[in-house]
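Structure, as structure tokens:
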Amino acid sequence: MESEIKLIALDMDGTLLNSDDIVSEATKEAIQKAKDRGIHVVISTGRSLDRCREIAESLGRSSYIVTINGGEIYNEKFELVDQTLLEPKLVDRLWELREQHNVHFWSSTVEGQFNSDSPFEKEVNEYQWLKFGFDIEDDEVRQVILDELNANDQLEVTNSSPTNIEVNPAGVNKAAALLKVCERLNIKMENVMAVGDSLNDLAMIREAGLGVAMGNAQEDVKKEAAWVTSANDEDGVAEAIERLLTAQQ
């Protein structure tokens with residue numbers, strides 16, 4: 001490790017949270033140790049603020065929170081400081097694909113969260129979209145949709161599980177958001193340790209000075225990481241932080 005780590009970026013699902021959607025005591029203690037050393041600890045998640053705020057608050061004050069894969073960034077007072085929307089014409093095509101293949105979808109919009117089980121109250125394009133998500137069990141159908149989305153250079157296409165697809169505007173990802181956070185804190189990406197498990201973590205793991213994959217991470221993520229920690233059900237985040245703090249003593 002060449003550069004001193006001054007910021008730890010943590011994905012939530014499959015990383016910070018165990019299978020019970022809980023932050024273990026060991027992980028909480030390790031995060032507090034890092035903060036006591038003056039290291040910023042930033043949640044970097046695909047979730048919206050309303051779905052991560054309670055967990056963020058339970059960990060104590062954070063300088064920034066990256067949500068919706070970088071679609072929104074909030075400061076320590078939970079004030080919005082950065083936001084990037086999907087263009088309506090792109091949303092229209094994503095919705096057409098959802099209708100055409102009759103697959104499960106979910107949305108992150110400025111007006112709230114909607115999905116196949118909680119339908120819209122007005123027309124799809126009347127909302128301000130931040131992210132469009134699909135969850136598709138059928139491998140062939142998922143691949144057909146993925147092929148079209150990946151061919152569109154206006155879209156950033158990732159996932160947070162092997163069966164889903166997450167779509168943000170091109171250039172919106174956790175790495176780009178963390179770069180904005182670093183600029184605000186006057187540090188560099190080489191001073192960041194990023195920990196994650198899914199394709200929506202890949203950009204930050206690649207761009208960070210130290211990229212760490214969870215033991216339960218998708219194989220493509222493990223290949224890009226500097227090293228692999230334990231799984232989320234085995235306090236992998238705590239292990240990664242303790243290893244970092246020991247190296248920087």
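As a member of the Ile/Leu/Val/Met/Phe/Trp/Tyr network built from side-chain separations under 4.5 Å, Val144 groups with nothing else and remains a singleton.
Under the side-chain hydrogen bond (donor to acceptor under 3.5 Å, both in side chains) criterion, Thr27 pairs with Ser24, sequence neighbours left out. Under the ring-ring contact (aromatic ring centres under 6.0 Å, His included) criterion, Phe120 pairs with Trp95, Phe105, Phe114, Tyr127, Trp129, not counting sequence neighbours. Phe134 is linked by a ring-ring contact (aromatic ring centres under 6.0 Å, His included) to Phe132, counting only residues two or more places apart in sequence or in another chain.
Within the 4.5 Å cutoff, no side-chain heavy atoms of Val23 are placed close to those of Met12.
A salt bridge does not link Lys89 to Asp92: none of the charged nitrogens lies less than 4.0 Å from a carboxylate oxygen. Ion pairing of Glu96 with Arg93 is present here, as a side-chain N (NZ or NE/NH1/NH2) and a carboxylate O approach within less than 4.0 Å.
No side-chain donor from either of Asn69 and Glu156 sits under 3.5 Å from a side-chain acceptor of the other. No side-chain N or O of Asp139 forms a donor-acceptor pair with one of Gln143 less than 3.5 Å apart.
The backbone N or O of Gly209 sits nowhere less than 3.5 Å from a side-chain atom of Lys188 that would complete a donor-acceptor pair.
Here salt bridge (charged side-chain N to carboxylate O under 4.0 Å, His left out) pairs that include residues 235-249, with residues two or more places apart or in two chains, are Lys33-Glu242.
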Atom pairs and distances, donor-acceptor, side-chain atoms in residues 38-45, under 3.5 Å, two or more places apart:
residue, atom, partner, partner atom, Å
His40, ND1, Ser63, OG, 3.3
Thr45, OG1, Arg47, N, 2.9

